[in-house]
Amino acid sequence: MDFQVGEIIKMKKPHPCGANEWKLLRVGMDFRLQCESCGRQVMLSRKLVEKNFRGYIKEAKGKENRTEE
């Protein structure tokens, strides 16, 4: 999966505040996510994010114009 910093994604399980939309702040082997509702930040492994990923809410700028080489 191709994730980029700045994207807002939807996860399977909601945060305790009730929201399940997260902004990607760091992408790599570990991801830093920020809850869109309360602003709390969490670190999760790539494996866990890919397993619980349910879709994009908002893609990062420039991604829609990118071409595969």
Side-chain angles (χ1 to χ4, degrees):
M1 294 189 143
D2 185 29
F3 295 105
Q4 291 191 358
V5 173
E7 292 178 331
I8 299 174
I9 62 172
K10 184 175 184 178
M11 299 290 279
K12 180 179 180 181
K13 295 183 181 178
H15 188 245
C17 72
N20 62 353
E21 296 178 3
W22 297 86
K23 182 175 184 178
L24 297 175
L25 301 178
R26 178 178 178 227
V27 178
M29 285 303 294
D30 293 318
F31 283 41
R32 181 177 299 272
L33 301 146
Q34 181 178 23
C35 178
E36 284 292 291
S37 177
C38 66
R40 179 80 48 140
Q41 293 182 12
V42 296
M43 289 283 288
L44 297 173
S45 68
R46 174 178 282 274
K47 183 178 179 181
L48 192 59
V49 171
E50 288 179 349
K51 177 183 174 189
N52 292 314
F53 174 73
R54 290 297 177 251
Y56 292 101
I57 303 297
K58 179 181 171 190
E59 295 187 1
K61 293 180 182 176
K63 186 172 182 179
E64 59 275 354
N65 295 333
R66 199 174 54 185
T67 59
E68 298 293 328
E69 295 181 14

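Predicted model only: the values in this text are computed from it and were never measured.
Taking NE2 of H15 as the start and OG of S37 as the end, the distance is 9.0 Å to the nearest 0.5 Å. A distance of 5.0 Å separates CD in Q34 from CD in Q41, rounded to the nearest 0.5 Å. Taking NZ of K10 as the reference point, atom CD1 of I57 lies at 6.0 Å (rounded to 0.5 Å).
In this structure, the side chains of D30 and L44 stay at 4.5 Å or more apart for every pair of heavy atoms. Two residues are said to be in side-chain contact when any heavy atoms from C-beta on lie closer than 4.5 Å; R26 and M43 meet this criterion. Residues C17 and R40 are not in side-chain contact: their nearest non-hydrogen atoms beyond the backbone lie 4.5 Å or more apart. Side chains of Y56 and F3 form a contact here, defined as non-hydrogen atoms less than 4.5 Å apart. Looking only at side-chain heavy atoms (C-beta outward), V49 and I9 come within less than 4.5 Å of each other.
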>> Using side chain to side chain contact (heavy atoms under 4.5 Å, CB included), reason through L33 and L24 one step at a time and then give a plain yes or no.
In response: CA-CA 5 Å; L33 301 146; L24 297 175; 3.1 Å; yes

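The hydrophobic clustering, which links ILVMFWY residues whose side-chain heavy atoms are closer than 4.5 Å, places F53 and L48 together.
Scanning both residues, M11 and R54, for their nearest heavy atoms gives C-CG, 4.0 Å. Taking every heavy atom of both residues into account, N20 and K13 meet most closely at CB-O, 4.1 Å. Contact record, Q4 with V27: C-CG2, 4.0 Å, taken as the closest heavy-atom pair. Between E36 and K23 the shortest heavy-atom distance is OE2-CB, 3.2 Å.
The main-chain N or O of F31 is never found under 3.5 Å from a side-chain atom of R46 such that the two would form a donor-acceptor pair.
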